[in-house]
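Below, chain A is the first sequence line, B the second, and so on; all start at residue 1. These numbers come from the heavy atoms of this one structure, side chains and all, not from hydrogens, waters or symmetry mates. Keep in mind it's a predicted model, so treat the numbers as computed, not measured.
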Protein chains: 2
Amino acid sequence: MKTIGKLAQSLNLNVETIRFYEREGLITQPTKPISGYRQYDETIAGQLRFITKAKMLGFTLKEIKSLMSMDNDCAQVELLSRQKLAIIREKISDLQRLEKVIVDMTNTCIQNDDPTYCPIIDALK
Amino acid sequence: MKTIGKLAQSLNLNVETIRFYEREGLITQPTKPISGYRQYDETIAGQLRFITKAKMLGFTLKEIKSLMSMDNDCAQVELLSRQKLAIIREKISDLQRLEKVIVDMTNTCIQNDDPTYCPIIDALK
DNA sequence: TATAAACCCTATAGTAACTATAGGGTCAAG
DNA sequence: CTTGACCCTATAGTTACTATAGGGTTTATA
């Protein structure tokens, strides 16, 4: 059994983040003996690892909450993953388009020596 | 001169968003005659177009505010743009890595017929 | 044994960039 | 002269936390 500080350290999480997940109902309530200090077992550590990994895949906390309750409904989990994949792919192509625009813009800046005029600012007008 | 509603409509912005930009000091204060209704001229419309375009390039409102005051210091504008470009490129490669992970994961799901087990959920544990 | 450092608690505010709501006032048309 | 469409300010809600204030508890040291 660990206190919140030890748990946070071992999982590389902020203490406040763990309390926040508790408030949001993402992890089960830890036992709170006389002192009022939270005591954590491996079960909750596992829930926190799950949350951390799912977050790295781009799931929101709301989605993670339902992922955790879906448990083994693979079809539903797969659907959510595919939706996430579609969003990621869209973001990638948006950013690639953006990258091109900014590259072009900054290039016009290099060739400019006029101190009273900036082509980037001009492009935004 | 337009009222806020007409301006919002012509720029495809939410009325509240315009008031929000005003509170944040991103646009100049419109005149407010007797009625108290804001009256907008082309200058402010131009500022709003500038903000919209800069936002599309991924600049934050804070950055846009300084972009607007940099005016024609091209070197400074170029620096900010290059920083933004670096961030965009990092985001792209992060998302591409993520895409691969999710593709692999969802593929393990397709080949699974066991209703008591989900390989995606398992990978997150 | 006393006390101080290190830890824990709750509750609240702040972050970004809005959006939505409550509870009003004003204006134009019928 | 009233109805509907518009405007006003101020405040709360969104996401996923982080930080702070103002306390209480536990542990280590003198």
Side-chain angles (χ1 to χ4, degrees), chain A residues 1-27 29-41 44 47-68 80 84 87-88 91 94, chain B residues 1-27 29-41 44 47-68 80 83-84 87-88 91 94 98:
Chain A
M1 296 291 262
K2 284 175 179 165
T3 60
I4 197 165
K6 300 285 170 196
L7 183 70
Q9 199 175 21
S10 72
L11 295 174
N12 213 18
L13 284 171
N14 190 310
V15 165
E16 293 306 321
T17 304
I18 296 174
R19 284 201 269 248
F20 170 71
Y21 289 160
E22 184 187 318
R23 277 199 303 283
E24 296 295 304
L26 280 148
I27 55 178
Q29 296 275 16
T31 55
K32 275 191 193 174
I34 338 96
S35 69
Y37 285 20
R38 291 166 176 81
Q39 292 293 326
Y40 293 95
D41 58 13
I44 298 177
Q47 291 171 359
L48 287 166
R49 272 189 294 269
F50 185 98
I51 294 166
T52 304
K53 286 186 196 166
K55 262 176 51 59
M56 288 195 305
L57 295 183
F59 290 104
T60 65
L61 294 187
K62 205 170 172 183
E63 288 165 340
I64 293 170
K65 203 169 171 181
S66 59
L67 264 182
M68 289 172 103
L80 201 59
K84 197 51 54 178
I87 289 167
I88 288 166
K91 271 193 195 161
D94 282 353
Chain B
M1 297 291 259
K2 285 175 182 168
T3 59
I4 197 165
K6 301 283 172 200
L7 183 70
Q9 198 174 22
S10 73
L11 295 174
N12 212 20
L13 284 171
N14 189 309
V15 165
E16 295 305 321
T17 303
I18 296 174
R19 284 200 269 249
F20 170 72
Y21 289 160
E22 185 188 318
R23 279 200 303 282
E24 296 294 305
L26 280 148
I27 56 177
Q29 296 275 16
T31 54
K32 277 191 195 175
I34 337 99
S35 68
Y37 285 19
R38 292 167 176 80
Q39 292 295 324
Y40 293 93
D41 59 12
I44 298 178
Q47 291 170 358
L48 286 167
R49 272 189 293 269
F50 185 98
I51 294 166
T52 304
K53 285 187 196 167
K55 260 177 50 62
M56 287 195 305
L57 295 182
F59 290 103
T60 64
L61 295 186
K62 206 172 172 183
E63 288 166 340
I64 292 170
K65 202 171 171 178
S66 60
L67 265 181
M68 290 172 101
L80 201 58
Q83 284 168 357
K84 198 50 56 180
I87 288 166
I88 288 166
K91 270 191 196 162
D94 282 355
L98 204 55

In this structure, how many angstroms lie between the C1' atom of dG25(C) and the CZ atom of R38(B), rounded? 14 Å
Suppose we call a contact any N or O donor and acceptor under 3.5 Å apart; does that hold for the side chain of Y37(A) and the base of dC7(C)? yes
Can you tell me how far C1' of dC8(D) sits from CD1 of I4(B), to the nearest Å? 10 Å
So, is K62(B) close to the dA17(C) phosphate, meaning a side-chain N or O under 4.0 Å from OP1 or OP2? no
Give the rounded distance in Å between these two atoms: CD of Q39(A) and P of dT26(D). 10 Å
Closest non-hydrogen atom pair, G58(B) against E63(B): O-OE1, 4.3 Å
Are there more than 12 heavy atoms of other residues, nucleotides or ligands under 6.0 Å from atom NZ of K6(B)? no
Between residues 10-23 of chain A and DNA chain D, which residues have a heavy-atom gap below 4.0 Å? N14(A), E16(A), T17(A), F20(A), Y21(A)
Sole candidate of L48(A), T31(A), T3(A), I18(A) that passes side chain to side chain contact (heavy atoms under 4.5 Å, CB included) when paired with Y40(A): I18(A)
With a cut-off of 6.0 Å (strictly less than), are more than 12 heavy atoms of other residues, nucleotides or ligands near CD of Q83(B)? yes
Counting C-beta onward and ignoring hydrogens, is there a side-chain heavy-atom pair between L26(B) and F20(B) closer than 4.5 Å? no
According to a strict under-4.0 Å criterion, is K32(A) in side-chain N/O contact with OP1 or OP2 of dT25(D)? no
How many Å lie between NZ on K6(A) and C1' on dC8(C), as a whole number? 13 Å
Do I51(A) and M68(A) have side chains that get closer than 4.5 Å, going by heavy atoms? yes
Could you state the atom-to-atom distance from CG of L61(A) to C1' of dT14(D) in whole Å? 13 Å
One thing to verify: whether R19(B) and E16(B) come together as a salt bridge, which I'm taking to mean a side-chain N less than 4.0 angstrom from a carboxylate O. yes
Name the residue closer to the 5' end of DNA chain D, choosing between T3(B) and I34(A) according to the nucleotide with the nearest heavy atom. T3(B)
Whole-Å gap separating C1' (dT9(D)) and CD (Q29(B)): 14 Å
Send over the distance from K65(A) NZ to dC17(D) P, rounded to a whole Å. 14 Å
Spacing of I64(A) atom CD1 relative to dT15(D) atom C1', expressed in whole Å: 12 Å
